[in-house]
Number of protein chains: 2
Amino acid sequence: MAARATPGQRTSPAAEAWSLMYELLGAYGRRRVVAVASELELSPPQVMALKMLEPGRPVPMRELARALHCDNSNVTGIADRLEDRGLVERRGADHDRRVKLLCLTPEGEDLRERLWELLSRPPEPLGRLAPADQRALRDIMRRALRASG
Amino acid sequence: MAARATPGQRTSPAAEAWSLMYELLGAYGRRRVVAVASELELSPPQVMALKMLEPGRPVPMRELARALHCDNSNVTGIADRLEDRGLVERRGADHDRRVKLLCLTPEGEDLRERLWELLSRPPEPLGRLAPADQRALRDIMRRALRASG
DNA sequence: TATTGTTATACTCTATAACTATA
DNA sequence: TATAGTTATAGAGTATAACAATA
């Protein structure tokens, strides 16, 4: 959509690629997060929080706040609701009694596995690409993100 | 981030490409919308609404609702706040007196132009790619989205 | 003094349902 | 009857500021 509204001849290849990617993600990325969230009866931020919580690796709440690009105070409420549903637990950290760690419950691990599978399946337009295009796309994306952290 | 947490050898090229794209967009796409919104003192949905409103092409509110993937009733509030700031106007439609059309004011057009420029600039990782990679990426994305509507 | 997490507050988004005025 | 937009309501996200406990 972005690409179509901008005159094609003025845009650089990178800019056009970007707006096409934006279009793909607008159509399949965010919409998918919302769809997955609704299917699992979660909110989008709750989905992103669960996505961050790898099994067996408790995460300080402030780290979650940074990952979600939001204030610490928001994580309190998000964690509250996940805890109410029995998906995560708060635990104290040994080395610093101010810190609280979030970790998945067994139910949380199960839900996260379903969530992960739903999110990581590539969307139709990519799946339809010729295998050579798929590999080329992967390689270009690897090069783009290689040095960016 | 998505790619890293999934074992590389199990993922197909399309799936890995997808998660790398997801990573790029997570880092630069949504964050950029939020940053642009905050710079222009708008909310993200307001940004998306302005993005949809091409100058000289009034849009029925229900169409905006569909484009934003939200209920009609939400558009009322979003349009209210844009109208309060003098960026859009409501106008009646000739053929159907139930319909209200949103159109940009001159101020809205100016703001939309700045907005569009901020959003369409490709992110660093794409800009750093070799020109041949940029063109290849653009061509693959064109092929992927060509038949998808 | 600075940091972690919480609480309180205010604003926005979002869906649902009920309403109006049209069609 | 169905549709476009509004209103009312409720739940969630978000930022800011103030706070307690800890470092």
Side-chain angles (χ1 to χ4, degrees), chain A residues 26 30-53 58-85 87-103, chain B residues 26 30-53 58-85 87-103:
Chain A
R30 179 161 168 67
R31 195 184 302 185
R32 181 177 295 192
V33 171
V34 171
V36 167
S38 127
E39 178 172 343
L40 303 181
E41 295 187 287
L42 297 166
S43 67
Q46 285 168 1
V47 167
M48 300 315 281
L50 282 183
K51 194 169 163 234
M52 292 296 301
L53 288 172
V59 171
M61 294 176 68
R62 69 174 187 291
E63 192 177 321
L64 215 51
R66 245 180 314 155
L68 300 177
H69 307 299
C70 70
D71 193 81
N72 281 356
S73 60
N74 302 326
V75 177
T76 298
I78 294 169
D80 282 347
R81 290 179 274 273
L82 289 174
E83 202 170 24
D84 287 346
R85 288 196 40 187
L87 300 172
V88 307
E89 279 177 356
R90 282 172 165 93
R91 285 194 347 214
D94 297 340
H95 63 295
D96 186 337
R97 282 158 60 190
R98 294 173 302 181
V99 173
K100 289 181 188 167
L101 302 171
L102 287 186
C103 54
Chain B
R30 179 160 169 66
R31 195 185 303 185
R32 179 176 298 193
V33 172
V34 171
V36 167
S38 128
E39 179 171 343
L40 304 180
E41 295 186 287
L42 297 166
S43 69
Q46 286 168 0
V47 167
M48 301 315 283
L50 282 184
K51 195 170 162 231
M52 293 296 301
L53 288 172
V59 171
M61 294 178 69
R62 69 175 187 290
E63 191 177 321
L64 215 50
R66 245 180 315 153
L68 299 176
H69 308 298
C70 69
D71 192 82
N72 281 356
S73 60
N74 302 327
V75 177
T76 298
I78 293 168
D80 282 347
R81 290 179 274 275
L82 290 175
E83 203 169 25
D84 287 346
R85 287 196 42 186
L87 300 172
V88 306
E89 279 178 355
R90 283 172 165 92
R91 285 197 345 217
D94 297 339
H95 63 294
D96 186 337
R97 281 158 60 192
R98 294 173 301 179
V99 173
K100 289 181 188 166
L101 303 171
L102 287 186
C103 55

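Hydrogens, waters and symmetry mates are skipped; everything else that's a heavy atom, side chains included, is used. All chains are named by letter (A, B, ...) in the order of the sequence lines, taking the proteins before the strands, and each is independently numbered beginning at 1. Just so it is clear, the structure is predicted and the values come from calculations on it, not from any experiment.
Scanning residues 36-45 of chain A for heavy-atom distances under 4.0 Å to DNA chain D yields A:S43, A:P45.
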Would you give me the side-chain donor-acceptor pairs under 3.5 Å for residues 39-46 of chain A, sequence neighbours excluded?
residue, atom, partner, partner atom, Å
A:S43, OG, A:Q46, N, 3.4
A:Q46, OE1, A:S43, N, 3.0

Going through the distances and angles, do A:M61 and A:L102 end up as a side chain to side chain contact (heavy atoms under 4.5 Å, CB included)? CA-CA 7 Å; A:M61 294 176 68; A:L102 287 186; 4.0 Å; yes
After noting the C-alpha distance and the side-chain angles of B:V47 and B:V34, does the key distance pass the side chain to side chain contact (heavy atoms under 4.5 Å, CB included) rule? CA-CA 9 Å; B:V47 167; B:V34 171; over 6 Å; no
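Among residues two or more places apart in sequence or in another chain, the side chain to side chain donor-acceptor pair (under 3.5 Å) test is passed with A:D71 by A:S73.
Distance CG/A:L53 to CG/A:L87: 10.0 Å, rounded to 0.5 Å. Within the model, atoms CZ of A:R62 and CG of A:N72 stand 9.0 Å from one another, a figure rounded to the nearest 0.5 Å. Put simply, CD on A:E63 and CG on A:L101 are 9.5 Å apart, with the number rounded to the nearest 0.5 Å. If you take CZ on A:R97 and NZ on A:K100, they are separated by 12.5 Å, rounding to the nearest 0.5 Å. Residue A:M48 holds its CE atom at 10.5 Å from CG of A:L64, rounded to the nearest 0.5 Å.
Bounding nucleotides for the chain A contact on DNA chain C, 5' to 3', at a heavy-atom distance below 4.0 Å, are C:dA2 to C:dT7.
Annotation for B:D94: atom CG does not count as buried by contact number, only 12 or fewer foreign heavy atoms lying within 6.0 Å.
In this structure, CD of B:E83 is placed 9 Å from P of D:dT6, rounded to the nearest angstrom. In this structure, A:I78 places its CD1 atom 11 Å from P of D:dA12, rounding to the nearest Å. Separating the CZ atom of A:R62 from the C1' atom of D:dA15 is a distance of 20 Å, rounded to the nearest angstrom. When the C1' atom of D:dT6 is taken as reference, atom CG of B:L102 falls 14 Å away, rounded to whole Å. Straight-line distance from the CG atom of B:D80 to the P atom of D:dA8: 12 Å, rounded to whole Å. B:L68 places its CG atom 13 Å from the P atom of D:dG5, with the value rounded to the nearest Å. The separation between B:E63 atom CD and D:dT3 atom P is 17 Å, rounded to whole Å.
Sorted by first and then second residue, the salt bridge (charged side-chain N to carboxylate O under 4.0 Å, His left out) pairs with a member in residues 73-83 of chain B read B:D80-B:R90, B:E83-B:R90; sequence neighbours excluded.
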Nucleotides 16-21 of chain D: protein proximity per nucleotide (B base, S sugar-phosphate only, - neither; heavy atom, under 4.0 Å): B----B
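Nearest-nucleotide positions on DNA chain D place B:T76 closer to the 5' end than the other of B:T76 and A:C70.
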